[in-house]
Amino acid sequence: MARLLDGAGKLGWVLLKSVLRFVFMFLNNCAAIPSYCLYLLLLQPLRIWDSSTFWHIEGIMFKWLLAMVSSWGWIAGYTVTEWGDDVRPISEEEAMVIVNHQSTGDVCTLMMCLQDKGTVVRKMMWLMDHVFKYTNFGVVSLIHGDFFIRQGKAHRDKQLVYLKDHLDKYYHSRDRKWIVLFPEGGFLRKRRETSQLFAKKNSLPHLTHVTLPRLGATQIILKTLSAQQENGSVGGDAGTLNQTANKRKGLQWVIDVTIAYPKARPMDIQTWIFGYRPPTVTHVHYRMYPIKEVPVEAEALTDWLYKRFVEKEELLAHFYKTESFPPLEGKKEAVSRQMTLDPVWLCLIQSFAFASGYMWYSVLQYLYCCLF
């Protein structure tokens, strides 16, 4: 009986905590997202007069919003440990980031672990599934200039044309530096069986912890954003002209990011919202490749991408067996780094968000009373 009461008490506490977290995040969204939109609406004259300053300010507020999402996981004890190459020294250089995709929590994990990487968060562009457009954060991503891509054969060719146009129009004009994409084209649990059947039919590696990546978006990004490369590949005409005009070097790096969850149990967005899972450490492995080592032509790029995802498979298999990633080539031991967030900074951002929300509510209420 005592054990039953103890279990009921723990369940009651989890439910109460989940409700309180949901209420806080609902209020957080109601205050922060409309404030972000209204501040940018107020700054539209600046966008016409000095576009670079406008997008600089927008980037700062975008980083704050992502920090708020990070704080939801942080206060629940969801943290990140980093392995592999240290990407901070190249945070001001242009890079394409390719990530394995297991669940909706992957995006939240990246939002957290990139917070301490200089100006990366405010100068990054995301490629994500179009369903994210209809979430609470969709309007923010639309304003920021992220690209929402539709999956499936029926949309594939048209979406790649839209992506090329989007990059030409927004990437350089808004001073973006990093572009993040998930080449697998969907969650692991949804694509694994199809990927394995395709691999078997075409004598490709059998993968369990990742799926075979798709070429389209990766190739478009490389061709559009890369300058002339030593291996003979050439960026798109519009992209090259934009780079020349802005004296940009184009993409300099491809950063291969592998996300691993303890016991292969991915963390989804519901977990971040309700916090019902015990404190969990998510592990993120980085590996950097100079852009001159990355081919652009379809066959060579496909082979290069497949090799990267075979490496991810090996990294994840090693992690799930040993709870650590293997050491880098030439190193005897693997070194991990605990990614930390400043709680004082997070409190200041949250306070500013709620204060802004109250201010805008008061302003709009006053205007409504004056008009009606």
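Every heavy atom of this structure was used, including side-chain atoms; hydrogens, water molecules and symmetry mates were not. All values derive from a computational prediction rather than experimental measurement.
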So, the side chain of E184 versus the backbone of H101: is there a donor-acceptor pair under 3.5 Å, distance only? yes
Carboxylate-amine/guanidinium proximity below 4.0 Å for R287 and E311: yes
Evaluate W83 against T81 for side chain to side chain contact (heavy atoms under 4.5 Å, CB included), listing each step before the verdict. CA-CA 7 Å; W83 302 75; T81 293; 3.6 Å; yes
Mind checking whether I90 and L328 sit in one hydrophobic cluster, side chains of I, L, V, M, F, W, Y counted as touching below 4.5 Å? no
Could you tell me if N28 and Q350 have a donor-acceptor pair between their side chains, going purely by distance under 3.5 Å? yes
For the side chain of S226 and the backbone of T224, is there at least one donor-acceptor N/O pair under 3.5 Å apart? no
Among L40, I143, D146, find the one that has a side chain to side chain contact (heavy atoms under 4.5 Å, CB included) with F62. D146
Looking at D85 and M288, would you say the former's side chain and the latter's main chain have a donor-acceptor pair under 3.5 Å? yes
For the side chain of E94 and the backbone of K177, is there at least one donor-acceptor N/O pair under 3.5 Å apart? no
For S91, side-chain hydrogen bond (donor to acceptor under 3.5 Å, both in side chains) partners two or more places apart: none
Show, in sequence, the C-alpha distance, side-chain angles and deciding distance for E82 and K117, and conclude whether the salt bridge (charged side-chain N to carboxylate O under 4.0 Å, His left out) test is met. CA-CA 12 Å; E82 299 178 315; K117 308 298 186 294; 2.7 Å; yes
Listed by chain and number, what are the side-chain hydrogen bond (donor to acceptor under 3.5 Å, both in side chains) partners of S18, not counting sequence neighbours? none
State whether the side chain of R150 and the backbone N or O of K158 hold a donor-acceptor pair below 3.5 Å, judged by distance alone. no
Could you name each residue pair satisfying salt bridge (Lys or Arg N to Asp or Glu O under 4.0 Å) that touches residues 326-351, not counting sequence neighbours? none
Is R176 salt-bridged to E58, cutoff N-O under 4.0 Å? yes
Closest contact, heavy atoms only, Q159 versus I149: OE1-CA, 3.5 Å
How about H130 and F148: are their ring centres within less than 6.0 Å of each other? no
Would you check if the side chain of K312 reaches a backbone N or O of V257 as a donor-acceptor pair within less than 3.5 Å? yes
Check whether any side-chain N or O of Q252 sits under 3.5 Å from a backbone N or O of K249 as a donor-acceptor pair, and report yes or no. yes
Counting C-beta onward and ignoring hydrogens, is there a side-chain heavy-atom pair between M96 and I98 closer than 4.5 Å? yes
If we count only N and O atoms by modelled type, under 3.5 Å, do the side chains of H56 and R122 hold a donor and an acceptor together? yes
Can you check whether L207 reaches Q196 side chain to side chain, under 4.5 Å on heavy atoms? no
For the residue pair R47 and W49, would you count it as a cation-pi contact if the rule is NZ or CZ under 6.0 angstrom from the ring centre and within 45 degrees of the ring axis? no
I'd like to know if K169 pairs up with D165 as an ion pair, taking the criterion as any Lys NZ or Arg NE/NH1/NH2 lying under 4.0 Å from an Asp or Glu carboxylate oxygen. no
Among H209, H285, R308, E313, which residue satisfies the side chain to side chain contact (heavy atoms under 4.5 Å, CB included) criterion with T258? H285
State whether the side chain of S71 and the backbone N or O of L346 hold a donor-acceptor pair below 3.5 Å, judged by distance alone. no
May I ask you to test the Y162-F147 pair for a side-chain heavy-atom distance under 4.5 Å? yes
Taking the six-membered ring of F198, is the NZ or CZ of K201 close enough (under 6.0 Å from the centre) and on axis enough (within 45°)? no
Please enumerate all residues that pass ring pair (Phe, Tyr, Trp, His ring centres under 6.0 Å) together with F319, with sequence neighbours excluded. H283, F325
Just by distance, do the side chain of W253 and the backbone of V97 share a donor-acceptor pair under 3.5 Å? no
Could you tell me whether the side chain of W126 reaches within less than 4.5 Å of the side chain of S141, counting heavy atoms only? no
With a cutoff of under 4.5 Å between side-chain heavy atoms, which Ile, Leu, Val, Met, Phe, Trp and Tyr residues group with V344? L348
Whether the T104 and D106 side chains hold a donor-acceptor pair (N or O, under 3.5 Å, no angle test) is what I'd like checked. no
Polar side-chain atom of E299 near backbone of E297 as donor-acceptor pair, under 3.5 Å: no
Could you list the donor-acceptor pairs under 3.5 angstrom formed by side chains in residues 352-372, with sequence neighbours left out?
{"unit_1": "S356", "atom_1": "OG", "unit_2": "Y39", "atom_2": "OH", "d": "2.8"}
{"unit_1": "S356", "atom_1": "OG", "unit_2": "F352", "atom_2": "O", "d": "2.8"}
{"unit_1": "S362", "atom_1": "OG", "unit_2": "Y358", "atom_2": "O", "d": "2.9"}

